Number of protein chains: 2
Amino acid sequence: MPISIKDVAAKAGVSPSTVSRVLANNPRISPETSERVRMVLKELNYHPNEIARSLVRQETRTLGLILPNAIDQFFLNPFFPEVLRGISQAARKLGYDLFLSTASQGLNDVERLDQMVQSKRVDGVILLTVKLDDPLLKRVQDNHVPAVLIGRSPDQAMVSSINNDNKKAGYDATMHLLKLGHQHIGFIGGSPELILTIDRLSGYAQALNDANVPFDPQLVTSEEFLEEGGYTGMMKLLALPTRPSAIIASDDVLAFGAMRAAGELGYHIPQDLAIVGFNDIPLAKIANPPLTTMNVHIFELGEGAATMLIDQIANGSITPTKTQIVPHNLIVRRSCGAWNPTNNLVSHLS
Amino acid sequence: MPISIKDVAAKAGVSPSTVSRVLANNPRISPETSERVRMVLKELNYHPNEIARSLVRQETRTLGLILPNAIDQFFLNPFFPEVLRGISQAARKLGYDLFLSTASQGLNDVERLDQMVQSKRVDGVILLTVKLDDPLLKRVQDNHVPAVLIGRSPDQAMVSSINNDNKKAGYDATMHLLKLGHQHIGFIGGSPELILTIDRLSGYAQALNDANVPFDPQLVTSEEFLEEGGYTGMMKLLALPTRPSAIIASDDVLAFGAMRAAGELGYHIPQDLAIVGFNDIPLAKIANPPLTTMNVHIFELGEGAATMLIDQIANGSITPTKTQIVPHNLIVRRSCGAWNPTNNLVSHLS
DNA sequence: ACATCGCAGGCAAACGATTGCATAATGATG
DNA sequence: CATCATTATGCAATCGTTTGCCTGCGATGT
């Protein structure tokens, strides 16, 4: 039923090889034959079977996405669609498709990677978030799979990556609050295993240190990357004997949970409590009050990751691993108390 | 370099066919041979080449997603990750992977469909939103491609679909406001070409009619499916000589834009203006004020679509087209002014 | 003891493309 | 007129699987 290259060949009175060569614009085919074949191609609305093509070419022109196994949390964070949008746009431009591995329920990340790559369904993979000494990275390196990590690799030589300078970003966000006079600054982070959390927290600590403000572990809390996590984190911090006067949330979604908790306890933002988030999700701008947040340019992370990966695929494994840093900048809105309509709304930090 | 079934066969001292049969748990293989082969399988960490497998089996165990060509808008709406989450979960459970067609920039939807399906990279497709007399539907029908539409098909016989009863949902939302005493109810919708918009609007009109409230075209506006669209829509409605006292926004994102516009003009919600949205995106609950919204169970739409599609694939094209309706229910929060902590928060309507 | 049977496993032909090599036709050359 | 390039096309192997059919073997029945 489906039409193959043979059908086209038969109808055009040539051999399959000729059709194939027409498709490839091989100059060895005479213009007349080529023309005739092309007519048949249109007439039959023929599209080559990409599966067969992939088999012989040993490439699929498809990028694989390895999502964290906490898939649901990941999907719920606006980070995901935005990074996917970036990936998708770059892939489209460069003629690649996207493959999401969701199948094979019981498998862990490494097995999913093996399956995706060994089964040859993708030419390379984009890894989203890794934990400290994640076995995924070693596997990628050992297998010489073209791969790009969105996030920071513990060992830069292992895998190419694209990331923000999260330590600096954490530093900048904290410094902003310190400069506004806050001395008790709480930190609501995601899972302490995530390098992202670690980096932003270390920037926070560094800023406190540089400002001669003591680091108080009680002011640091780690929660799930959900609105609910921000809520419980904030509840903990506000229950402290001396509550913080400002909060850094390492993700806007956490920040919104935190704002909700503060609201429920009757605190006003920014009068009673300043809040700074990370990511500049669409909601940040339209929230009430609008959220001051560190824009980390998620779209560009995705776009860059796909571009780097395709580049790596094209150049074979000869490419040395690369690390690319996407700049961040703090978007000052009302939630931190520093907002002033006559200011520039955007302060460029990096 | 990559290991094939032949490598395994050689190492185990059997033929490739035997290995293949071991993989398939074919009972014709003796337990001893099977065991020996399995050992080699583990040792070599062999994974079958799914491309080759797909070629001979004529199936890929992969579902294709056809996203609207206004991809960027689509990605930005929280509808997308949620429906994808549903699709992904069902696919995973049933052993299917997901393929996003983003490649081939210049192509329109129909060409993308042709390419995806004819190229045999997917076993079926999920279509997301269609316009009135979208050529996609006809193509799907003509080609006998397994397909499920998320949304309503103009002609139910053409393609299986899963949807809400959007007319009823529009009716219920409007009726809720009418019962609260509103007579001037504005409607902010998405593109007037989308069936979704049409259905919700017609429910709105029907409710007005049933309540003997005249339908005023001036109170209806169509905008882009973005926060910005809601903003401009609201600005238009509030510039009217007699402004509406309540607003139905056919999407929460539009509702948030509308709330922002109202806020900027100094109106208070719900005191001056009641607002009802659609979708119950995560933000609706935590917004200020929390948004009354029609929960359309997006996750279930995705989940149901994937399940229906896989079912259709399994049963060949003998399956008649089906239509499934996912119920909706209004979640009453503060933005409509009817909220009362002693009430049930959820009123089940359908 | 011989024909028969069932079992375990191998052979080879697909699936639908690509591509190195061979070859038919054509015209040019000595 | 025989030889040789050159051009345009076809042949057949290949990619890594699956699967229908065949075969060799030991066990069984009479």
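Keep in mind the model is a prediction, meaning the values are calculated, not measured.
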Expressed as a whole number of angstroms, how long is the span from [X]:[atom1] to [N]:[atom2]?
| X | N | atom1 | atom2 | answer |
| --- | --- | --- | --- | --- |
| A:Leu23 | C:dA17 | CG | C1' | 10 Å |
| A:Ile5 | C:dT19 | CD1 | C1' | 12 Å |
| A:Glu50 | C:dA17 | CD | P | 9 Å |

So, is [X] near the phosphate of [N], with a side-chain N or O under 4.0 Å from OP1 or OP2?
| X | N | answer |
| --- | --- | --- |
| A:Tyr46 | C:dA17 | yes |
| B:Gln58 | C:dG16 | yes |
| A:Arg53 | C:dT18 | yes |

Practice task
On DNA chain D, reading 5' to 3', which nucleotide is the first and which the last to sit with an atom under 4.0 Å from a heavy atom of chain B, could you check?
Solution key: D:dG16 to D:dC21

Fill in the blank from the handout: With sugar-phosphate taken as primed atoms, P, OP1 and OP2 and all else as base, the protein-contact string of nucleotides 4-13 of chain C at under 4.0 Å (heavy atoms; B, S, -) is ----BBBBB-

Exercise for the section: Mind running salt bridge (charged side-chain N to carboxylate O under 4.0 Å, His left out) on B:Asp142 and B:Lys138 for me, showing each step along the way? Expected result: CA-CA 6 Å; B:Asp142 292 350; B:Lys138 202 166 158 29; 3.6 Å; yes

Practice task
Hey, could you give me the NZ/CE distance between B:Lys120 and B:Met116, rounded to the nearest 0.5 Å?
Solution key: 12.5 Å

Practice task
Please work out if A:Ser20 contacts a base, only the sugar-phosphate, or nothing of the nucleic acid, heavy-atom cut-off 4.0 Å.
Solution key: base

Handout entry: Parallel, tilted or perpendicular, as decided by the 30° and 60° cut-offs, for the rings of A:Phe80 and B:Phe80
Key = parallel

Exercise for the section: Indicate the atoms forming the closest heavy-atom contact of A:Leu63 with A:Ala91, along with that distance. Expected result: CD2-CB, 4.1 Å

Exercise for the section: Work out which heavy atom in B:Leu44 is nearest to a heavy atom in B:Ile3; give both atom names and the distance. Expected result: O-CD1, 2.8 Å

Residue pair [X] / [Y], side-chain donor-acceptor N/O under 3.5 Å:
| X | Y | answer |
| --- | --- | --- |
| B:Arg121 | A:Thr62 | yes |
| B:Asn49 | A:Ser119 | no |
| A:Thr33 | A:Ser30 | yes |

